[in-house]
Amino acid sequence: MIMAKQSSRREVFADLKLPQASLPHPGLWLDKFLEAQSSQGDENTYAPHFQEVVRLTVSPTYGIFFESWRDALTHAGTVMFEAKALGRLAVGLGAESVLENNLSIHRTYGVPYIPGSALKGLAARYARQRLEDEAWHTEVNQRGDIIRRGEAYRVLFGDTAEAGYVTFFDALYVPNSAPQNRPLVLDVITVHHPKYYQGESAPPADWDSPNPVPFLSVRGSYLVALFGPDAWVDVAFQILARALREEGIGAKTNSGYGRMMLEGVTLDETDVSSPSAPALDPDEATIQRFQQRLDAMASKDVAGQIYAVYQDWERLTDVTEAGKLTIAQLILNKLESSGQAKKLRKRKKTWFIQLTKYVETPPSQGDTS
């Protein structure tokens, strides 16, 4: 049976051809310029479309952005290592897409990347399932919901009440790390018993006709960046390096996809199952949490969000007087840099006056007579 194909483009784009060299946004071409589609859902219709995209090299513009991104991370004090794909990756395969399968593509530059949430999720799962130290264990109920987290697990990864100590950034593709600077690769999933998997009554048999389904996977190296207290960042990299090497990230890890090596991270092979969880001063942890929260707040949002930060500061009970004073100063600094301090001073806002007085005359230095 011949499957009828029809144009999937608007008429104005019907004759648009892909450039022969680089394209600023391959992801845009993937999503918006599929030339034809089959009325019967023939996945092989996508093969020519994928073949066009995989020959594209990464735009030089992305290289400029990447260097700027790495400089910004360095200035912010993050720790970075490159993770090299040992084969191919299929990250974001099951997400919603106009095609049969998806891929995590950078929204602005169209290059593949690994979401920070995926890295954190992989490390967290590895810690609670594979590490032997009780501090990493979690308890779950019959539905599989986590009801108690080990102390080290809670500190590193956080819980529903507060964020963890370590921030996992998106891992961006390292320019020129893939052959010919082409990180996208044409791949195939072969369904050996299509009628059986489509729910038909026929059982799988040796004489079934396999149905190869094309999709895209990626290769190359990716810049993994973590931010937080040094001791906890070191532990996070130890866990992540093991998880990437032993389990892999993304989809189809049972088929060998997703294995990566964190170059520069030396693993302690005598203690693979349980990296030590270093103690962290409680003041340092709380200060770090407030600092990250304030840094993430855009100047235009300070007026609407800063009072909630003040309320959380006012309720603090697990820090020393010195730690509380440091956080108060951080809040005032944010108000000054955003221009809100002048407005609050003019309006004589009570909470702002109290915060200022606290910094100028901390309780331990006030009149105790």
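Both backbone and side-chain heavy atoms feed into the values below; hydrogens, waters and symmetry mates do not.
- Val58 and Pro183 make their closest contact through CG2-CD, 3.6 Å (heavy atoms, listed as atom of the first residue, atom of the second, distance).
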Practice item. Tell me, with the steps shown, if Ile105 and Val111 meet side-chain contact (heavy atoms from CB on, under 4.5 Å). Key: CA-CA 5 Å; Ile105 296 287; Val111 297; over 6 Å; no

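- The side-chain heavy atoms of Pro175 and Tyr62, taken from C-beta on, include a pair separated by under 4.5 Å.
- Tyr257 and Phe215 have tilted rings, their planes meeting at an angle from 30° to 60° on a 0 to 90° scale.
- Ion pairing of Lys324 with Glu321 is absent here, as no side-chain N (NZ or NE/NH1/NH2) approaches a carboxylate O to less than 4.0 Å.
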Compile the donor-acceptor pairs under 3.5 Å between side chains in residues 338-349 and protein atoms, sequence neighbours left out, one pair per line.
unit_1	atom_1	unit_2	atom_2	d
Ser338	OG	Lys334	O	3.0
Ser338	OG	Leu335	O	3.2
Arg345	NH2	Glu336	OE2	2.9

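- The side-chain heavy atoms of Asp170 and Ile114, taken from C-beta on, include no pair separated by under 4.5 Å.
- With contacts defined as side-chain heavy-atom distances shorter than 4.5 Å, the pair Arg88/Val218 does not qualify.
- Using a 4.5 Å heavy-atom threshold, the side chains of Trp136 and Val235 count as touching.
- Atom CG of Asn181 and atom OG1 of Thr57 lie 6.0 Å apart (nearest 0.5 Å).
- Salt bridge annotation for Glu247-Arg259: absent, with no cationic side-chain nitrogen under 4.0 angstrom from a carboxylate oxygen.
- Residues Gly264 and Phe81 approach most closely at O-CE2, 3.6 Å, considering heavy atoms.
- More than 12 heavy atoms of other shown residues, nucleotides or ligands fall within 6.0 angstrom of atom NZ in Lys252.
- Counting heavy atoms from C-beta outward, Arg182 and Val54 have side chains that stay 4.5 Å or more apart.
- Using a 4.0 Å cut-off between a side-chain N of Lys or Arg and a carboxylate O of Asp or Glu, Glu151 and Arg154 qualify as a salt bridge.
- A continuous path of ILVMFWY side-chain contacts below 4.5 Å connects Ile306 to Val359, so both sit in one hydrophobic cluster.
- Counting only distance, with no hydrogens or angles, the side chain of Gln305 and the backbone of Leu294 share no donor-acceptor pair below 3.5 Å.
- Leu186 and Leu103 fall within the same hydrophobic cluster, where Ile, Leu, Val, Met, Phe, Trp and Tyr residues are linked whenever their side-chain heavy atoms come under 4.5 Å apart, directly or through other members.
- Taking CD of Glu82 as the reference point, atom CE of Met80 lies at 10.0 Å (rounded to 0.5 Å).
- For Ser177 (side chain) and Gly220 (main-chain N/O), no donor-acceptor pair under 3.5 Å exists by modelled atom type.
- Side-chain contact between Leu172 and Phe66 is present, with at least one heavy-atom pair separated by less than 4.5 Å.
- Distance check, rounded to the nearest 0.5 Å: OH of Tyr153 to CG of Leu156 gives 9.0 Å.
- The shortest heavy-atom contact between Leu262 and Ala83 is CD2-CB, 3.8 Å.
- What you find for Val166 and Val233 is that their closest heavy atoms are CG2-N, 4.1 Å.
- The ring of Trp232 has its center no closer than 6.0 angstrom to the ring center of Phe157.
- Here the rule is side chain to side chain contact (heavy atoms under 4.5 Å, CB included) with Phe290, and of Val319, Leu316, Asp295 only Leu316 fits it.
- Residues that satisfy the salt bridge (charged side-chain N to carboxylate O under 4.0 Å, His left out) test with Arg219, not counting sequence neighbours, are absent from this structure.
- Counted within 6.0 Å of CG on Asn254, heavy atoms from surrounding residues, nucleotides or ligands total 12 or fewer; the atom is thus considered open.
- Across Leu226 and Ala236, no two heavy atoms sit closer than the pair CD1-CB, 3.7 Å.
- In this structure, the separation between CG on Leu244 and OG1 on Thr253 is 11.5 Å, given to the nearest 0.5 Å.
- Here the CG atom belonging to Leu325 is positioned 7.0 Å from the CD atom belonging to Gln329, to the nearest 0.5 angstrom.
- The shortest heavy-atom contact between Leu223 and Val174 is N-CG2, 3.8 Å.
- A distance below 6.0 Å separates the ring centres of Tyr310 and Trp351.
- Under the 3.5 Å distance criterion, the side-chain polar atoms of Thr78 are matched with a main-chain donor or acceptor of Leu73.
- A donor-acceptor contact shorter than 3.5 Å links the side chain of Ser337 to the backbone of Asn333.
- Ile331 has its side chain within reach of Leu355: a pair of non-hydrogen atoms, C-beta onward, lies under 4.5 Å apart.
- Judged by distance alone, the side chains of Arg242 and Tyr126 never bring a donor and an acceptor atom under 3.5 Å apart.
- Residue Arg315 qualifies as enclosed at atom CZ: its count of foreign heavy atoms under 6.0 Å is above 12.
- Side-chain rings of Phe227 and Phe169 stay apart, their centers remaining 6.0 Å or farther from each other.
- Within the 4.5 Å cutoff, the side chain of Leu330 has heavy atoms near those of the Ile287 side chain.
- Residue Val224 is grouped with residue Phe65 when hydrophobic side chains (ILVMFWY) are merged at heavy-atom distances under 4.5 angstrom, including chains of intermediate members.
- If you take CZ on Arg293 and CH2 on Trp313, they are separated by 14.0 Å, rounding to the nearest 0.5 Å.
- For Tyr113 and Tyr173, the ring centers are positioned 6.0 Å apart or more.
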